[in-house]
Amino acid sequence: MREMYSLPFSHEEIFASEAGEQIPYHRMYGKQYCVPALTVYTPEELKELRTATEAVDAIYSKVMRFIQRYMPDSFLESPLGIHPGLIPAARMEAVTGGITRQDWIIGEAGLKCIENNTDTPTGIPESAALEHILIGRTEDQAWTAPSVHMDARIRDCFRSWLSFYAEQGLQGPVTFTSYGEHVEDRTNTTYLMERCREAGYEVLYAPLEELEIVPGEALCHQGREIQLLYRLYPLEYLIGDRDETTGVDIGVALIELVREGQLGLMNPLQHVLMQSKGFMATIWSLYERNEQTPEYCGFTLFDEAELDVISRYLLPTYFTAEPFEQSDAPYVAKSYWGREGRGTILLDHQADSLSKLKKQPESDTTGDIPAVLNKDDDEDEEVAAYYENQPKIYQQLVPMEQAVIQTEDGEYSGYLLTGVFVIGGHFAGMLPRVGEKVTGDMAYYCAAAVRKPMNDEEEKEWKS
């Protein structure tokens with residue numbers, strides 16, 4: 001059972017001032033989202049998470065380059081699941097290291113990374129700002145904030161991206177975009193925008209719905225050409241966007257600007273390769289066939305240290321359920337682009353087929369569905385079909401750690417998922433959430449805190 005520390009303050013007392021300004025979506029979907037509580041980690045857990053997440057990030061980057069350089073378009077389209085219109089630009093090699101969030105389970109099997117959101121991670125202000133505020137309200141010296149360096153990591157990441165794009169001749173103000181009326185997306189986007197400003201760059205915010213594109217010429221906002229764009233909008237949606245009035249394929253035209261070197265995206269477009277859940281199955285397939293890679297490309301892909309990282313921290317993941325069905329092992333079926341639980345199914349050893357199981361509500365861990373697909377209940381059926389009809393990957397199921405928290409609605413017993421931001425290749429911060437057996441958009445955020453090592457006298461007093 002994970003240790004949770006409840007702050008001696010009500011929700012309203014916490015979010016009446018600075019905290020509420022930083023996280024205006026502290027209530028979502030008609031309920032409390034941010035809980036005045038801390039998720040307690042040990043210094044040893046933080047140390048291993050830091051090492052493990054950076055090692056996993058390096059493996060993701062290495063496999064991404066391998067795919068870009070050696071795998072044919074047919075592999076990117078299927079089984080990786082990349083839209084054909086994205087493939088030419090996805091092969092363009094930008095600087096590695098971006099703003100990503102890995103999701104980890106800490107349990108009996110040790111630390112296990114179950115997913116990696118490499119395209120549009122949110123939860124950034126919670127970790128970078130709210131965590132510090134909540135720990136500060138404890139008014140004691142028992143805790144340290146694991147996300148204390150997150151702002152600096154963000155600034156360094158923008159410097160890396162913008163230096164790369166400057167070498168490509170792209171310059172001018174950096175435009176940040178999201179759906180303007182979606183409070184969570186806009187807050188995450190403007191938080192990053194302010195860190196970019198602190199890094200020394202001119203920045204502007206433009207709501208996604210106000211952007212205009214002239215095919216073959218430029219992306220614009222209010223007549224101003226945009227060469228550098230941070231967008232909190234998934235690429236798998238963007239490629240299918242069309243202007244209903246003009247009939248222009250907006251996504252296709254924007255991706256063409258990227259391919260022609262007229263527009264620099266952040267995260268870079270190559271991140272769509274890693275965002276596909278087929279990427280997890282690709283890593284595992286390459287891991288199991290590591291000795292065969294010299295026959296294909298002339299070198300062995302993973303060294304011994306990397307093989308150890310994969311076997312220790314990643315889970316067996318396949319393009320077919322057959323390995324699990326043959327061994328009667330529990331597993332998870334995940335849609336390639338599943339978000340907020342849509343398209344994710346839990347299967348136990350008694351299941352014979354997907355049709356015998358019910359989809360788990362609010363059960364995915366990728367998160368961050370954009371507002372365009374989350375407007376109202378009337379769209380639920382269409383949205384569910386979108387996710388459920390996608391191809392799936394199959395991953396070993398590992399149990400999650402239980403956690404009990406106090407909410408406005410009373411005691412809640414749930415399961416802990418530990419999100420870890422890796423920014424520019426470095427550990428940056430943590431996003432703990434307590435929800436169902438796999439975490440979705442109705443989960444509670446409880447800030448991460450690391451208990452400082454105690455001397456003998458303090459430990460004796462604490463245990464008493």
Side-chain angles (χ1 to χ4, degrees), residues 23 25 33-34 39 41 46 49-50 52-61 64 96-106 111-131 146-154 156-158 161 178 184-185 187-189 191-192 195 230-235 266-268 270-277 279-280 313-314 334 337-341 344 364-370 400 416-435 438-441 443-448:
I23 314 293
Y25 50 91
Y33 161 56
C34 298
T39 307
Y41 297 86
L46 177 61
L49 271 173
R50 186 188 306 274
T53 54
E54 292 183 358
V56 168
D57 181 81
I59 286 170
Y60 261 73
S61 294
M64 177 187 68
T96 59
I99 298 174
T100 68
R101 191 193 70 234
Q102 301 171 11
D103 288 329
W104 288 73
I105 290 175
I106 303 175
L111 304 181
K112 297 294 181 182
C113 179
I114 62 171
E115 289 189 12
N116 192 4
N117 188 334
T118 65
D119 188 29
T120 57
T122 58
I124 293 167
E126 292 95 305
S127 299
L130 181 56
E131 174 187 287
S147 309
V148 66
H149 299 299
M150 192 161 169
D151 285 354
R153 297 295 191 206
I154 294 170
D156 288 344
C157 187
F158 277 108
W161 279 336
S178 67
E184 182 184 6
D185 283 4
T187 303
N188 274 264
T189 303
Y191 191 90
L192 291 173
R195 306 293 80 75
Y230 174 87
R231 39 92 210 163
L232 189 58
Y233 186 61
L235 291 166
M266 295 163 275
N267 281 320
Q270 63 187 9
H271 276 232
V272 74
L273 300 174
M274 299 184 289
Q275 179 67 32
S276 165
K277 291 186 178 65
F279 194 90
M280 297 186 293
Y313 296 120
L314 301 185
K334 299 179 178 181
W337 308 101
R339 295 173 183 267
E340 302 292 7
T344 296
D364 195 52
T365 58
T366 306
D368 318 323
I369 183 171
M400 300 180 72
L416 173 67
L417 183 76
T418 299
V420 180
F421 287 97
V422 180
I423 300 178
H426 299 287
F427 173 94
M430 297 172 65
L431 185 81
R433 290 172 290 164
V434 178
V438 268
T439 315
D441 59 353
Y444 296 98
Y445 167 74
C446 300

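As the structure is a computational prediction, the values presented were derived from the model and not from experiment.
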Do [X] and [Y] have side-chain heavy atoms sitting under 4.5 Å apart?
X    : Y    : result
W337 : P234 : no
M150 : I423 : yes
I99  : W161 : yes
Y60  : T96  : no
S147 : F421 : no

Between [X] and [Y], what is the shortest heavy-atom contact and its length?
X    : Y    : result
C446 : T39  : O-OG1, 2.8 Å
Q102 : D57  : NE2-N, 3.6 Å
N116 : Q275 : O-OE1, 4.2 Å

So, taking the atom named [atom1] in [X] and the one named [atom2] in [Y], what distance separates them when rounded to the nearest 0.5 Å?
X    : Y    : atom1 : atom2 : value
W104 : T53  : CH2   : OG1   : 6.5 Å
E115 : R101 : CD    : CZ    : 9.0 Å
N117 : T122 : CG    : OG1   : 7.5 Å
L235 : Q270 : CG    : CD    : 11.0 Å
M430 : L49  : CE    : CG    : 5.0 Å
C157 : M266 : SG    : CE    : 9.5 Å

Let me see the working for I114 and K334 under side-chain contact (heavy atoms from CB on, under 4.5 Å), right down to the final yes or no.
-> CA-CA 11 Å; I114 62 171; K334 299 179 178 181; 4.2 Å; yes
Derivation of the side-chain contact (heavy atoms from CB on, under 4.5 Å) call for T189 and Y233 | CA-CA 10 Å; T189 303; Y233 186 61; over 6 Å; no
Is a side-chain donor-acceptor pair under 3.5 Å present for D151 with Y191?
-> yes
Side chains of Y445 and E131: donor-acceptor distance under 3.5 Å anywhere?
-> no
Under the side-chain contact (heavy atoms from CB on, under 4.5 Å) rule, what do I105 and L417 come out as? Steps first, then yes or no, please.
-> CA-CA 6 Å; I105 290 175; L417 183 76; 4.1 Å; yes
Give a yes or no on whether a salt bridge exists between D119 and R231, defined as a side-chain N under 4.0 angstrom from a carboxylate O.
-> yes
Just by distance, do the side chain of [X] and the backbone of [Y] share a donor-acceptor pair under 3.5 Å?
X    : Y    : result
N188 : I124 : yes
T118 : T100 : no
R153 : V422 : no

Do V56 and L314 pass the side-chain contact (heavy atoms from CB on, under 4.5 Å) test, and can you show the C-alpha distance, the side-chain angles, and the key distance before you say yes or no?
-> CA-CA 8 Å; V56 168; L314 301 185; 4.1 Å; yes
Working for side chain to side chain donor-acceptor pair (under 3.5 Å), residues Y33 and E126 = CA-CA 11 Å; Y33 161 56; E126 292 95 305; 2.6 Å; yes
